[in-house]
Amino acid sequence: MTGVAKISLKGVKKSFGKKVVLDGVDLEVQKGESVVVIGGSGSGKSVLIKCILGILKADEGSIAVDGQDMAALSRRQRQEVLSRFGMLFQGAALFDSLPVWENVTFGLLAQKRIRRRDARDKAMEVLQRVGLGSDVADLNPAELSGGMQKRVGLARAIAASPDIIFFDEPTTGLDPIMADVINHLIVERVKDLGATTITITHDMASVRKIADRVAMLYKGRLIWVGVKDKIDRSGNPYVDQFIHGRAEGPIRMEVLKA
Amino acid sequence: MNFLGMIGRVVLDFLAGAGRLGLFAFHALSHCLRPPYYFRHIASQAVNIGYYSLPVVGLTAVFTGAVLALQIYEGSSRFNAESAVAGIVVIGFVRELGPVLGGLMVAGRVSAAMAAEIGTMRVTEQIDALSTLSTDPFKFLIAPRLIAATLMMPCLVLIADIIGVSGSFVLSTNKLGFNPGSYLKTTFDYLEFDDVISGLVKAGVFGFFIALMGCYHGYNSKGGAQGVGVATTNAVVSASILILFSNYIVTELFFSQ
């Protein structure tokens, strides 16, 4: 691949007290590429995304978007870069105090890209793109099922037509059919937008459906990065154990260490 | 040795906490003073803090005013100074009891609610979501609450003062045999402008601390439902302590010669 990577991470480290969560992560994601980061619970996947988004500050290393080092940007420039990001959170993270339509257009209103009186129509249009009707627009997020909340979260993530989207465990807590619906929606909408995406998950069905490339995070480091089709022949015992979900293997769960 | 170490740890933890709170307050204040403002949020918080606290503050004021009149009447009758009841009630209420009791009641209601709401938003990643949607959580969540609480508390306390003095008036004229006209005249003769202003300044300061503690503990809560519960408790306790502490400081500033 040539040219400047859309997202570039070099030697990113992050610790919480004595616990090292990211221990020198290097990753490049090209424009339009879909990279899925896999790894067990507590392996630092969410921390990795939060460092890229600037929600958490990396202790060491550099994070660049379109070749611009995020740490070197002014507050305003940083805000501008962040406005091109979309994010679907694990629990959807919809705002309880706002109806669905305001959740969907929240980013557009915050960036003053639409007027408030046009926001409702825009929300309807985006909700339709994730398979939801106008009947949910005035409901509160708490009145929706888990799958519908994820769809609204997806609608919110794509409403501002971002060129980079992060998906944090998009199918966790959903039944297999709804999980496949969400995966399908992600693939379709990302294709529409031509967006670059990083997804973190431990759901192998999501990996096989969404990914162009897969990276496995273990003990704060990316121990394997490769194209999706090679994951079954990675030759890496850690990856093998993870994708087959075996208790036996080099990865020892904390509970087994006791 | 261990005992000294323990004292050291407690002192260091306290100083670190005070530093964190100071930075949080500074950051929050800077957002209160810089546009843009979310006027819709300020208005809805003002209604929530001011209007919905009226019943609890009003009830507290009316009963406290009545009890104050009764107690002062009983005490002052020991040295034949019953005529001072109206003056002492109004000064005591406007300077101290109105702001402090009103502040403590609002702290219980509002600080807890703010800590629970913002804490839940923290643990369900809604605050992280705000950041990803080009919205500063301090601007969107914290500043409107601080502004609304600081503006609404003086209004609430002014109403509480009127209700409290009315409570003492009703009791004094109906039960203690005071003449309504002379009771009111004494009340207004004794009351000075500075008494009212000091009470309202206190109320504004208390409002700020009530919102600050609710927001601070909610914003920094972690660990799910239990963390939100701890944040709620800490918010009410710390807001109450700060109210009592700042009450002394403001009184000292206003009235020490």
Side-chain angles (χ1 to χ4, degrees), chain A residues 16 46-47 49-57 75-98 102-114 116 141-142 149 152-160 162 164-169 172, chain B residues 9 12-13 16 23 27 30-31 34-45 47-49 52 113-145 148 214-215 218-225 227-228:
Chain A
F16 295 99
S46 295
V47 173
I49 281 195
K50 285 180 180 175
C51 283
I52 301 172
L53 283 164
I55 293 169
L56 293 172
K57 198 166 181 288
R75 205 179 133 86
R76 190 178 290 270
Q77 288 170 320
R78 200 180 158 72
Q79 204 64 43
E80 223 161 84
V81 173
L82 285 175
S83 69
R84 289 157 39 208
F85 287 5
M87 168 92 187
L88 171 59
F89 286 86
Q90 186 174 347
L94 301 175
F95 305 125
D96 302 324
S97 54
L98 301 176
E102 272 194 73
N103 265 282
V104 172
T105 50
F106 191 95
L108 289 167
L109 286 167
Q111 293 167 30
K112 296 191 166 49
R113 283 168 55 181
I114 53 169
R116 198 168 170 78
Q149 286 187 6
V152 176
L154 178 60
R156 187 174 69 180
I158 64 170
I164 298 170
I165 312 179
F166 300 95
F167 299 102
D168 184 359
E169 313 262 7
T172 297
Chain B
R9 264 195 301 278
L12 283 177
D13 283 349
L23 285 174
H27 197 41
S30 77
H31 278 283
R34 276 185 289 138
Y37 295 105
Y38 287 92
F39 289 108
R40 280 177 61 228
H41 289 265
I42 295 172
S44 76
Q45 287 301 325
V47 170
N48 186 31
I49 296 164
Y52 289 115
M114 284 183 185
E117 185 180 359
I118 296 176
T120 306
M121 289 185 76
R122 165 62 73 201
V123 300
T124 56
E125 296 185 307
Q126 290 179 50
I127 292 179
D128 291 342
L130 279 175
S131 304
T132 67
L133 292 163
S134 310
T135 304
D136 190 320
F138 270 77
K139 188 68 79 195
F140 185 77
L141 290 176
I142 316 288
R145 284 167 169 79
C215 294
Y219 196 81
N220 291 299
S221 68
K222 47 190 128 185
V228 175

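Numbered from 1 within each chain, the chains take letters A, B, ... in sequence-line order.
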Practice task
May I ask you to name which of A:Lys50, A:Gln90, A:Met87 has the most heavy-atom pairs under 4.5 Å with chain B?
Solution key: A:Lys50

Between [X] and chain B, with a heavy-atom cut-off of 4.5 Å, which part of the residue counts as in contact: side chain, backbone, both or neither?
X	result
A:Glu80	neither
A:Asp168	side chain
A:Phe85	backbone
A:Leu94	backbone

Please answer whether the main-chain N or O of [Y] pairs with a side-chain N or O of [X] as donor and acceptor at a distance below 3.5 Å.
X	Y	value
A:Asn103	A:Leu98	yes
A:Arg113	A:Ala160	yes
A:Gln149	A:Pro141	yes

Atom group of [X] that falls short of 4.5 Å from chain A, counting heavy atoms:
X	answer
B:Thr124	backbone
B:Leu130	both
B:Phe140	side chain

Practice task
Write down the atom of A:Ala110, the atom of B:Thr135, and the distance for their closest heavy-atom approach.
Solution key: CB-OG1, 3.3 Å

Handout entry: Neighbour count above 12 (heavy atom, 6.0 Å) for A:Arg76 CZ
Key = no

Problem - Ring geometry between B:Tyr37 and B:Phe39 (parallel below 30°, tilted from 30 to 60°, perpendicular above 60°) - result: tilted

